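What you are looking at is a predicted structure, and each value in this text was computed from that prediction instead of being measured. Basis for what follows: all heavy atoms, side chains included, without hydrogens, waters or symmetry-related copies.
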Amino acid sequence: MEGKKITTTSGIEIRELYTSAKPNTEMPGKFPFTRGIQKDMYRGRLWTMRQYAGFSTAEESNKRYHYLLNQGTTGLSVAFDLPTQIGYDSDHEMSEGEVGKVGVAIDSLKDMEILFEGIALQKVTTSMTINATAGILLAMYIALAKKQDADIRQISGTIQNDILKEYAARGTYIYPPKPSMRIITDIFEYCSKEIPKWNTISISGYHIREAGSTAVQELAFTLANGKAYLNAAIEKGLDINVFARRLSFFFNCHNDFFEEIAKFRAARRMWAKITKELGATDERAQMLRFHTQTGGSTLTAQQPLNNVIRVTNQAMAAVLGGTQSLHTNGYDEALSLPTEAAAKIALRTQQVIAFESGVTGTVDPLAGSFFVENLTDEIEAAAQLYIDKIDIMGGSVNAIENGYIQNEIAAAAYQYQVDIEDGSKVIVGVNMFTQSVEETIEPFNINDSIRIVQSEKIVLLKQQRDNLVVDAALHALKEAAEGTSNLMPYILTAVEAYATLGEIADVLRSVFGEY
């Protein structure tokens, strides 16, 4: 329609025709990495194909992991249940109704041993979506690797470990911001010395976007949080050229195809500039490496098979944007955890893109597009305005504590919902092209008896372990938390004595308090 104004989801106006872009002499693998962090990108190595999985007990999740590995998944990605995420054992009263529901229940090293039974940790990369209790779950993973006689310095993977976005958008925090930042920088320091191939944080825009932000807000608030982590580590005396190499990012990918591609290109350029300004001289410390997950909040319960198309569109945008790792959602996830059938078609989507579409044949294939180059610049400029405003407030911690970031996300989420309800934003099968009778999809169900099973395991564990050793380890951890020592060695000792996750988290609660 002539004269109609069209914008991206972030409100950036899209011109009817783009006839020029500024000359771009940037090269992939070179600062500022707009065109990718490797000079040959997917010609040299495809992205890691992960499928986020975890539910019920460790035994049940282990079966799903073996299934996914047999189907061609190249990396594991662990979802933990809500009690595990907020530091409660399965037998705690606060855990009732939540055990094993949105992820796997992990109460102790014993559960971690079952979760990865038959899987050599030195031969897979594992991503763990865990934040407030990240240090505890990482310690369990290290302890298990040691039991497998793995070379600890060779194990690789990622813990999310991004607490700032929990305060801003997701909610699974335990401790106040300052002690939480201490735990995170302790993990940075410990891993840089003991497990140098581990990615110590996955700075997450995903949940910011799921909470309702625009693409520009997702980018801006994520990079602002990244700056806060850099500054905290520098203040602790860590070398940015060492620890920044192990930082990674986790972005969402929604339906606006070109906006998402331009967002990823702008993210690399902006992060390279941020790290350089803070003193990074090693190119590996300036590179933004990221995992992408397709947009959970874009999935619809109505006409759920439409989600296969949405996920394909989003996955293609992530690949064209240069992601290092990708999870594709199951088409049934608006209804339940994904069934095996939905998980398989989600993985096959990545494999078809990788091996049949031809988009991996050249680096940054949309570079030079008048539209994409202009949009990359516009997204960068719009995100920079937010970052500058947050810097004036004193950084992300202050911006979160005064509610600025939360309010901006809430306003964007409200506007998005208004646009859907008044029809200006079309959602196929929801407010247009609807049908009176919905197709039925059999959801994936979790047995409510899991809490009983897990509680019985905890009783047995406490009978079999050496409780004097456990008490000594927990006491030593409490003293370390009251002082300034790095907490990771003390957490690892407690884990290896088979202290439970809840016992360790409670020790830290007793020192740091709850937020």
Side-chain angles (χ1 to χ4, degrees), residues 84-87 109 128-143 145-146 152-153 155-167 172-204 225-248 278 285 395-397 473-497 499 501 503-515:
T84 302
Q85 292 183 53
I86 54 177
L109 176 57
M128 295 190 282
T129 303
I130 196 71
N131 296 282
T133 55
I136 304 171
L137 272 299
L138 176 59
M140 290 181 185
Y141 196 87
I142 294 168
K146 289 166 68 175
I152 300 301
R153 298 186 67 81
I155 64 168
S156 61
T158 305
I159 44 172
Q160 194 163 99
N161 200 27
D162 174 9
I163 205 67
L164 292 179
K165 65 92 175 52
E166 296 297 326
Y167 301 116
T172 65
Y173 48 79
I174 302 174
Y175 318 110
K178 287 184 173 59
S180 291
M181 292 293 279
R182 172 193 168 181
I183 295 169
I184 287 168
T185 54
D186 280 356
I187 292 170
F188 288 176
E189 182 180 47
Y190 178 84
C191 291
S192 68
K193 296 173 183 175
E194 304 296 332
I195 46 172
K197 291 191 173 183
W198 195 268
N199 296 318
T200 51
I201 192 168
S202 179
I203 304 161
S204 176
N225 287 349
K227 282 184 74 172
Y229 294 124
L230 289 176
N231 285 319
I234 290 167
E235 287 171 16
K236 192 177 176 69
L238 303 184
D239 182 352
I240 191 172
N241 284 312
V242 176
F243 76 81
R245 294 184 205 172
R246 303 320 308 171
L247 307 187
S248 65
L278 289 175
S396 275
V397 175
L474 294 175
H475 180 73
L477 174 61
K478 186 173 189 290
E479 288 189 333
E482 290 168 341
T484 58
S485 298
N486 189 303
L487 296 176
M488 277 303 295
Y490 297 92
I491 293 172
L492 181 59
T493 299
V495 159
E496 290 180 321
L501 174 134
E503 288 172 331
I504 295 168
D506 281 347
V507 166
L508 298 178
R509 279 187 180 95
S510 72
V511 177
F512 300 144
E514 290 187 275
Y515 187 66

ask   = With Thr158, which residues qualify under side chain to side chain donor-acceptor pair (under 3.5 Å), at least two apart?
value = Asn199
Side chains of residues 489-497: which donor-acceptor partners sit under 3.5 Å, not counting sequence neighbours?
from: Thr493; atom 1: OG1; to: Pro489; atom 2: O; distance (Å): 3.0
from: Glu496; atom 1: OE2; to: Lys146; atom 2: NZ; distance (Å): 2.9

I need the [X] [atom1] to [Y] [atom2] distance, nearest 0.5 Å.
| X | Y | atom1 | atom2 | value |
| --- | --- | --- | --- | --- |
| Ile201 | Ile187 | CD1 | CD1 | 8.5 Å |
| Ile136 | Ile159 | CD1 | CD1 | 11.5 Å |
| Tyr229 | Ile234 | OH | CD1 | 15.0 Å |
| Asn486 | Glu189 | CG | CD | 5.0 Å |
| Leu247 | Thr200 | CG | OG1 | 5.5 Å |

Using the test salt bridge (charged side-chain N to carboxylate O under 4.0 Å, His left out), find all partners of [X] that sit at least two apart in sequence or belong to another chain.
| X | value |
| --- | --- |
| Arg509 | Asp506, Glu514 |
| Arg182 | Asp186 |
| Glu482 | Lys478 |

Is there side-chain contact between [X] and [Y], with heavy atoms separated by less than 4.5 Å?
| X | Y | result |
| --- | --- | --- |
| Ile174 | Ile163 | no |
| Met181 | Leu164 | yes |
| Leu138 | Cys191 | yes |
| Ile155 | Tyr141 | yes |
| Thr185 | Glu235 | no |
| Ser396 | Lys227 | no |

task = Examine distances only and state if a side-chain atom of Gln160 and a backbone atom of Asn131 form a donor-acceptor pair shorter than 3.5 Å.
result =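 Not a single qualifying donor-acceptor pair exists.
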ask   = Would you say Arg245's side chain and Asn241's backbone share a donor-acceptor pair under 3.5 angstrom?
value =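 Between the backbone of Asn241 and the side chain of Arg245 there is a qualifying donor-acceptor contact (under 3.5 Å).
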Ring pair (Phe, Tyr, Trp, His ring centres under 6.0 Å) against Phe512, all qualifying residues, sequence neighbours excluded = Tyr175
request  = For Ile142 and Trp198, run side chain to side chain contact (heavy atoms under 4.5 Å, CB included): C-alpha distance rounded to whole Å, both residues' side-chain angles, the deciding distance at 0.1 Å, then the answer.
outcome  = CA-CA 11 Å; Ile142 294 168; Trp198 195 268; over 6 Å; no
For the student: nearest non-hydrogen atoms of [X] and [Y], plus distance:
| X | Y | result |
| --- | --- | --- |
| Leu487 | Ala480 | CD2-C, 3.7 Å |
| Ala285 | Ile240 | CB-O, 3.7 Å |
| Ala244 | Leu230 | CB-CD2, 4.3 Å |
| Ser202 | Asp162 | O-CB, 3.6 Å |
| Ala499 | Leu474 | CB-CD2, 4.1 Å |
| Gly87 | Ala505 | O-CB, 3.6 Å |

ask   = When you look at Asn161 and Ile183, which way does the side chain to side chain contact (heavy atoms under 4.5 Å, CB included) test go after all the steps?
value = CA-CA 9 Å; Asn161 200 27; Ile183 295 169; 5.5 Å; no
request  = Output, in order, the C-alpha distance, side-chain angles, deciding distance and verdict of side chain to side chain contact (heavy atoms under 4.5 Å, CB included) for Ile195 and Arg153.
outcome  = CA-CA 5 Å; Ile195 46 172; Arg153 298 186 67 81; over 6 Å; no
request  = Give me the ring orientation class for Phe188 and Phe243: parallel if the planes are under 30° apart, tilted from 30 to 60°, perpendicular past 60°.
outcome  = parallel
query = side chain to side chain contact (heavy atoms under 4.5 Å, CB included) between Leu477 and Leu508: does it pass, once the steps are laid out?
reply = CA-CA 8 Å; Leu477 174 61; Leu508 298 178; 4.2 Å; yes
request  = May I ask you to check whether Ser180 and Tyr515 show a side-chain donor-acceptor distance below 3.5 Å?
outcome  =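 Side chains of Ser180 and Tyr515: no pair found under 3.5 Å.
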